[in-house]
Q: 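Provided herewith is a single structure, encoded as structure tokens, for subsequent inquiry.
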Amino acid sequence: MKCKVRIFIYFILLGMMLIGCNQNDRTTQEESKVDSEITILTPLHTAETPDPKIEEKIEELTGVQLDLQYVPASNYQDRMSTAFATGNMPEVANIPIEGNFKEAIRDGQFWEIEPYLDEFENLKKLKKEILDNTRVDGKLYALYQGRPLSRQGIIYRKDWADNLGLSTPQTTEEFFNMLKQFTENDPDGNGKDDTIGLADRGDLAYGSFNTIASWFNTPNEWGEKDGELLPAFMFPAYKETLQFMRQLHEKGYINQDFPVTSKPDQQDMIKSGKAGAYIGCMCDVSALYSDGVAINPEMELDVHNQIKGPHGEYQIWSIPGYNHPYFFPKSSVETEEELKTILAFFDKMMEPEVANIVYWGIEGEHYTLENGRALAIEDSGKLEREVIPYQTLEIGESDTNGRYEGAFPLEAREKAEALFKDNEKYIIKNPTVTLDSATFDLKSEELNTMITDATFNYILGEIDEEGFDQAIADWKAAGGDDVIMEYNQANLEN
């Protein structure tokens, strides 16, 4: 009898131990699950948050649970500024390297990551020259999403040009003439005066202005003159660009309200057959054609990059080679161990299998392979709902993460890819990308607005050259002189 009691007690104790072990296992699993969850605030460039299937696939391949917080790109900076001001930063934040954020980086509020990169096989493949463009005071804090140095060029109605006997423009004079003919000579043959040459929008950088300014030999934001760094608007070529665009506006060869025109409205002018030329990313030719040909079946678009200015050479402004730099706030990433967990996640994101999921989606559903390149499906709506929002999470570029290059059924889009690479031979770099100006960090918005407004007002005919010169004088008095001094001092120390 005593033996039976002992056995009974033994099994009770054993059961309690097993229950305790199971509880401990569950607790450990729950803690591990929490530890491996990463919160990322990222801009959304599509109309709605994406289907979660790609997110789930990323989680499966990386072993990390994601909390992706999407914010419409148009409101993203305001949302990020609010999160920063209220101390509610995510673990991974896409922030601009300027203004208050730059000061916060200097103050040690974000992790410096360079000491850790060599521990990760994929992260250490990131391009040094691009990483260098993200540095603050020589230190590295961000991972980047790679971008071609310059995708800028023209997209134009080739069928209109053919109707009018026009060849691809090679100079600014020929381009001006094309816009004139597209406006005045009934390029669509409908007998109506209902077309204009150029569709533009209120964006000096990614609309028409900066690209045309490059053709006129204007520096990229800043340039050197007599051994001194000066802003681009102080160079004669900037004023030549102003005059060129003012003539386009006076003669009605450009949409008259372009300073307040949005990108969708700009693109609609091409799609609907209202305008015949577009300056911007040549990659936009795909969307312009797919939507436009449904309205105008005769539409034929072409792309071109090399337009020479009065000096007889072609050159084009460039970006620093990255987009969406991701930083790691110390307020939410509290320990080195947590930082390494996040870096390990991004290291996995650079494995080709994961990089392809992030950028192209699921093979057979969102793309197929054609001669070793990814050919996206024609259903652009499905891609916008399920794939494109995740592309902001890409780290590196195809050269470093091994994802597939793209294949494009539209000949003009395929040509655009080649022209991106061609542009690299003619780029104008911004010499201040890695330089610092405390005054500009503090007053960049105010100072930039002054020149942007003056530029638009000159093109619209609301001020003359004297008025533009006065805007420059006001800019200098409002802190511009200090910016010039600080950039030049930083250049000497660099």
Side-chain angles (χ1 to χ4, degrees), residues 28-43 50-70 90-95 110-128 130-131 134 140-147 322-329 332-367 369 374 386-406:
T28 302
Q29 289 170 2
E30 288 171 1
E31 288 174 351
S32 176
K33 185 177 181 181
V34 171
D35 287 343
S36 64
E37 181 177 86
I38 298 176
T39 302
I40 303 176
L41 192 64
T42 186
D51 183 286
K53 69 172 68 177
I54 298 298
E55 180 178 345
E56 292 166 359
K57 194 71 175 175
I58 294 170
E59 291 176 335
E60 176 188 332
L61 292 172
T62 62
V64 171
Q65 183 180 349
L66 295 175
D67 178 12
L68 298 180
Q69 300 180 1
Y70 289 99
E91 292 165 293
V92 181
N94 167 225
I95 64 171
F110 294 87
W111 283 93
E112 185 183 352
I113 63 171
E114 191 162 20
Y116 308 101
L117 292 190
D118 281 344
E119 298 179 26
F120 301 97
E121 286 300 314
N122 296 313
L123 293 181
K124 67 182 182 182
K125 297 175 186 175
L126 290 169
K127 294 181 178 180
K128 180 181 182 300
I130 307 300
L131 288 172
T134 71
L140 190 63
Y141 297 87
L143 298 176
Y144 72 86
Q145 178 190 41
R147 279 288 182 270
Y322 68 86
N323 198 5
H324 298 299
Y326 281 110
F327 291 78
F328 314 100
S332 48
V333 183
E334 298 179 356
T335 67
E336 186 180 66
E337 182 180 358
E338 291 174 347
L339 175 65
K340 288 185 176 182
T341 296
I342 294 171
L343 292 177
F345 163 73
F346 282 115
D347 188 70
K348 291 178 182 177
M349 292 282 279
M350 287 185 67
E351 294 175 358
E353 181 182 8
V354 187
N356 281 317
I357 288 286
V358 169
Y359 197 86
W360 296 111
I362 299 170
E363 185 179 356
E365 182 175 352
H366 301 110
Y367 73 96
L369 282 180
E386 299 179 8
V387 180
I388 291 174
Y390 294 101
Q391 291 180 349
T392 59
L393 299 177
E394 181 185 31
I395 299 299
E397 53 282 287
S398 59
D399 291 346
T400 54
N401 62 31
R403 69 162 166 84
Y404 298 123
E405 295 279 2

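Along the sequence shown, residues carry numbers from 1. We use all heavy atoms of the structure for the numbers below, so side chains are in, but hydrogens, waters and symmetry mates are not.
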Q: What closest approach, in Å, do P90 and L41 show between heavy atoms, and which atom pair accounts for it?
A: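 So the two residues come closest at CG-CB, 3.5 Å.
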Q: Are I113 and F120 close enough that some pair of their side-chain heavy atoms sits under 4.5 Å apart?
A: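 No, too far: nothing below the 4.5 Å cut-off.
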Q: To the nearest 0.5 Å, what is the distance between CH2 on W111 and CG on L140?
A: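 The CH2 atom of W111 sits 14.5 Å away from the CG atom of L140.
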Q: Per the salt bridge (Lys or Arg N to Asp or Glu O under 4.0 Å) rule, what does the pair list look like for residues 335-353, sequence neighbours excluded?
A: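 The answer is E119-K340.
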Q: Before giving the answer on side chain to side chain contact (heavy atoms under 4.5 Å, CB included), spell out for F345 and L66 the whole-Å C-alpha distance, their side-chain angles and the decisive distance to 0.1 Å.
A: CA-CA 10 Å; F345 163 73; L66 295 175; 3.5 Å; yes
Q: Not counting sequence neighbours, which residues clear side chain to side chain donor-acceptor pair (under 3.5 Å) with Y404? List them please.
A: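 Y404 satisfies side chain to side chain donor-acceptor pair (under 3.5 Å) with no residue once adjacent residues are dropped.
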Q: Are side-chain heavy atoms of Y326 and I395 found at a separation under 4.5 Å?
A: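 Heavy-atom side-chain distance check passes, below 4.5 Å.
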Q: Roughly how far apart are M349 CE and I357 CD1, rounded to 0.5 Å?
A: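 With rounding to 0.5 Å, CE (M349) is 10.5 Å from CD1 (I357).
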Q: Taking ring pair (Phe, Tyr, Trp, His ring centres under 6.0 Å) as the test, write out the residues that go with F346, two or more places apart.
A: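 Counting only residues at least two positions away or on another chain, F346 forms no ring pair (Phe, Tyr, Trp, His ring centres under 6.0 Å).
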Q: Restricting to non-hydrogen atoms, name the atom on D51 and the atom on E386 that form the minimum distance, rounded to 0.1 Å.
A: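 Residues D51 and E386, closest heavy atoms: CB-CG, 3.7 Å.
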Q: Please examine the side chains of T392 and N94, heavy atoms only from C-beta on, and report whether any two atoms are closer than 4.5 Å.
A: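 They are not in side-chain contact.
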Q: What are the two closest heavy atoms between Y70 and P389, and how far apart are they?
A: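 Heavy-atom minimum between the residues: CE2-O, 3.9 Å.
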Q: Nearest 0.5 Å please: distance from the CG atom of N122 over to the CG atom of L343.
A: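 One finds 12.5 Å between CG of N122 and CG of L343.
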Q: Which residues pass the side chain to side chain donor-acceptor pair (under 3.5 Å) test with E365, not counting sequence neighbours?
A: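 Checked E365 against side chain to side chain donor-acceptor pair (under 3.5 Å); matches are K53, K382.
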Q: What I'd like to find out is whether the side chain of V358 reaches to under 4.5 Å of the side chain of N401, using heavy atoms alone.
A: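 V358 does not reach N401 side chain to side chain.
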Q: Nearest heavy-atom pair of E91 and I342: which atoms, and what distance?
A: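 Minimum heavy-atom separation between E91 and I342: CB-CD1, 4.0 Å.
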Q: At what distance, to the nearest 0.5 angstrom, does CD of E405 lie from OH of Y359?
A: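 Interatomic distance, E405 CD to Y359 OH, rounded to 0.5 Å: 9.0 Å.
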Q: Kindly compute the distance separating CG (N323) from OH (Y144), expressed to the nearest 0.5 Å.
A: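 Reported value, rounded in 0.5 Å steps: 12.5 Å.
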Q: If you take all heavy atoms of P52 and Y390, which pair is closest and at what distance?
A: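 P52 and Y390 have their closest heavy atoms at CA-OH, 3.6 Å.
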Q: State the CD-OH distance between E397 and Y322, to the nearest 0.5 angstrom.
A: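 The distance works out to 13.5 Å.
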Q: Kindly write out the residues that satisfy ring pair (Phe, Tyr, Trp, His ring centres under 6.0 Å) with F327, not counting sequence neighbours, or none if the list is empty.
A: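 Expected list: F110.
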Q: Please examine the side chains of L117 and L143, heavy atoms only from C-beta on, and report whether any two atoms are closer than 4.5 Å.
A: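 Yes, close enough: below the 4.5 Å cut-off.
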Q: Among all residues two or more places apart in sequence or in another chain, which pass the ring pair (Phe, Tyr, Trp, His ring centres under 6.0 Å) test with H324?
A: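 Expected list: H45.
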Q: Looking at every non-hydrogen atom in both residues, tell me the closest pair between M350 and T400 and how far apart they are.
A: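 Closest pair (atom of M350, atom of T400, distance): CE-O, 3.7 Å.
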